[in-house]
Number of protein chains: 4
Amino acid sequence: MSHAQAVEEHPDATRRNEASRRAILTAAFDLVGEVGFTKLSIEAIAARAGVGKQTIYRWWPSKGVVLFDAFLVLSEDRASGDPALPDTGDLEADLKTVLRATVDELNDPRYEEPLRALNTEMVHNPELAATYAERLHEPMQELKRDRLRRAQQAGQLDADTDLDLAVEMLWGPLLNRWLQRTGPLTAEYADRVVETALRGLRPRA
Amino acid sequence: MSHAQAVEEHPDATRRNEASRRAILTAAFDLVGEVGFTKLSIEAIAARAGVGKQTIYRWWPSKGVVLFDAFLVLSEDRASGDPALPDTGDLEADLKTVLRATVDELNDPRYEEPLRALNTEMVHNPELAATYAERLHEPMQELKRDRLRRAQQAGQLDADTDLDLAVEMLWGPLLNRWLQRTGPLTAEYADRVVETALRGLRPRA
Amino acid sequence: MSHAQAVEEHPDATRRNEASRRAILTAAFDLVGEVGFTKLSIEAIAARAGVGKQTIYRWWPSKGVVLFDAFLVLSEDRASGDPALPDTGDLEADLKTVLRATVDELNDPRYEEPLRALNTEMVHNPELAATYAERLHEPMQELKRDRLRRAQQAGQLDADTDLDLAVEMLWGPLLNRWLQRTGPLTAEYADRVVETALRGLRPRA
Amino acid sequence: MSHAQAVEEHPDATRRNEASRRAILTAAFDLVGEVGFTKLSIEAIAARAGVGKQTIYRWWPSKGVVLFDAFLVLSEDRASGDPALPDTGDLEADLKTVLRATVDELNDPRYEEPLRALNTEMVHNPELAATYAERLHEPMQELKRDRLRRAQQAGQLDADTDLDLAVEMLWGPLLNRWLQRTGPLTAEYADRVVETALRGLRPRA
DNA sequence: ACTTAAGCGAGACGGTACGTCAAGTCTTTCT
DNA sequence: AGAAAGACTTGACGTACCGTCTCGCTTAAGT
């Protein structure tokens, strides 16, 4: 996939002012962290970015999509290093490392509100959800599948298991707890999820 | 718990007009299905219910809570029969039955939009999330734990497994797929989740 | 008819906030004198009056009508004394007095811009023109006709002359010069108009 | 003076695109008749004329002046024949002929809206008024004075009468009725104005 | 039974933000 | 260098709702 690409391109994109674009995305990301998605307004984004409202409406259909693009920029910037998941040969340890990192990210106050906003906006915006799936979710999913596939080839994972399902068994409970706040999201919890997912709920033989 | 009870009770509840209350909750539930949560407005609810705006503001703090109460009424109405989960002795079969029912409910177009609205509103409203956890989530969770506890006592479940975690391992992937639309939500998927959760991801001995 | 009455009355006028109404009319009149009619905006009126925009849109269809109402209030306030035109028995002297007063009023910087605004707005707004004719023009016209009628009965005016036409012959040139700025508007000019209108353009017999 | 000349000439006029200029003036004149002066926009003129906005801003300071130039072009086109007023020797008849023609012009639906626009724009734009006075009003006024001067020399008009005033006594009431819509503008009205202006309001000796 | 105080439908109010339109400026590309 | 095209900032438009606030009215409770 290499680097993701922005979503919007309705008018003549060559004439576009790149400085305004960055200012808008930065303003949107900062503001959503300050006031939350519901109270985020196009007017406030425009004012903070020093930009006319029309410039936002010209290139984006809604504040949700603006925010999504802000995430895209963020993940592009972070994707510079090696994106692969760790592989020490110890599957359980590696998964715990990654899930603990996920927990930390979800608990990071800088990302919490924007991440929640993105997730809930997707819920009501199928088109946005599709773009998300393609541009952000799928590349991450592929990395996760990669790691599991290697484990499978090493005989550490059941040969019949669908890798997408396996990923969902591991990350689903975390995301769920985070979105629904049905319990604390800790490193220990991450560990338990990994252990339980690998071993299964049935009693040990 | 028997029947749940409404959340609000600030003024003198004895003088409250029950007809208006029902009209408001019905209007809110219907409207959210028609226009979505974001475009749901107090004014529209009041107009549809034939009620003054103040009557809504008197008893509810926000449209999110109105909607939540509408769900409460709904679940009260359904809670008339035996609420317990099926127990045929075959844990795997029973879980598949229940998760398939969950899938059907999530896919039901009548509940889809309101359910999404409730879930996303909780994401941004911790107070609502707490009430949800107490009034709707926890009672359900208890029923699920009950069934698993009986399985544990029957030796069909690992004795050390935390029951809350077990529930999350089973339901989390479903809810996640539904909220994020990362894949189709089918009966087969429910079956696979149950099988994988019980057996674990590791290869069979 | 005595005192004129405000134009607007669409919603339930009994609930109307009189303080807001006066504040709006005052703000509109002041602002038009400061920035002119073209640059007069509903937003500025609302801000100056300390009022929501909707309160203006609720009761008036356009800024032109707001301004018209402001004039109505003004003329109500001035209509307290005896409105009749002077009648000393000397028609020519009386007309000069009145036309000189008209000249002074048109040249008064406090009224100049608002008066121009009212006049030009009427040009493009037939409905407003009709209301103006009924509420402001016609009462004034009647006073003027009255004075001329008395002169006619006293044999100072041709018996066949149409009084409306006579009024137009006297006031028309003044108003025209004022609106079109085709020449200076002075007391001497008023005098010459009166003399010429009475005597006619033909040579003296 | 022969043919009037356009107002604008700021940049290097030799490089100017004449086709664009005509297209702009035509578009402005047509549009003002369709939507009125207030709703006339530079953008719409540019679009209709197939011209960039900058081309308008380069050569004209405001839409009012564009419109004015459009009138100039119109009057140039009409000024091809003999511009003098009729002179049959019968002053009253000639004036009636001319004023009836004026009435017809003012009532012509093709010119009504643009003419009103021009008049009201002048009211708020002294600079435009001055240009109007010089380029359109004064040449017409001179023609009218000419005819009256000949009548004066023939002893048909009072020798002391100021000719500008006389013109205003004749045309003022008409223009006024037209702008203020205070009464119907008919040929009969024109006749009465001429008769009254010539004879005066006083009783016949 | 008669006051009296609350809930109620209604809707005006001061506001905020919406999404659109046009203003006048600026830059790019073509002629 | 003029012109067509069109992106840009600015500001006003007229609308939708917000949450608060009277206004009369019904209605149940407490004398």
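Every chain is numbered from 1, with letters handed out A, B, ... down the list of sequences. The figures here come from the full heavy-atom set of this structure, side chains too, leaving out hydrogens, waters and symmetry mates.
To the nearest angstrom, C1' of dA12(E) lies 16 Å from CZ of R21(C). One atom, CZ of R16(C), and another, P of dG14(E), lie 11 Å apart when rounded to the nearest Å. Taking atom CH2 on W59(B) and atom C1' on dG19(F), their separation rounds to 18 Å, with Å as the unit. Between the P atom of dT27(E) and the CZ atom of R58(D) lies a distance of 14 Å, rounded to the nearest Å. The distance from atom CH2 of W60(D) to atom P of dG24(E) is 14 Å, rounded to the nearest whole Å. Going from atom CD of E18(D) over to atom C1' of dG2(F) covers 14 Å, rounded to whole Å. At whole-Å resolution of the value, NZ in K63(C) and C1' in dC13(F) are 11 Å apart.
Within the 4.5 Å cutoff, the side chain of L118(C) has no heavy atoms near those of the E121(C) side chain.
Under the side-chain contact (heavy atoms from CB on, under 4.5 Å) rule, I24(C) has a single partner from N17(C), I42(C), I56(C), which is I56(C).
When the ring-ring contact (aromatic ring centres under 6.0 Å, His included) test is applied to F71(A), the partners found at least two apart in sequence or on another chain are F29(A). Partners of E112(A) by side-chain hydrogen bond (donor to acceptor under 3.5 Å, both in side chains), not counting sequence neighbours, listed by chain and number: R116(A). Remark: R48(D) pairs with E34(D) by the side-chain hydrogen bond (donor to acceptor under 3.5 Å, both in side chains) rule, at least two apart or across chains. Legend: residues meeting salt bridge (Lys or Arg N to Asp or Glu O under 4.0 Å) with K53(B), ordered by chain and number and at least two apart, are E43(B). With sequence neighbours left out, the salt bridge (Lys or Arg N to Asp or Glu O under 4.0 Å) criterion links R15(B) to no other residue. Not counting sequence neighbours, R181(C) has no partner by the salt bridge (Lys or Arg N to Asp or Glu O under 4.0 Å) test. With sequence neighbours excluded, no residue satisfies salt bridge (Lys or Arg N to Asp or Glu O under 4.0 Å) with E127(C).
Within the 4.0 Å cut-off from OP1 or OP2 of dG14(E), at least one side-chain nitrogen or oxygen of S20(C) is found.
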(request) Determine, for nucleotides 24-31 of chain F in 5'-to-3' order, which nucleotides have protein heavy atoms under 4.0 Å from the base (write B), from only the sugar-phosphate (write S), or from neither (write -). (result) ---BB---
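Listed by residue number, the members of residues 35-57 of chain D with any heavy atom below 4.0 angstrom from DNA chain F are G50(D), V51(D), G52(D), T55(D).
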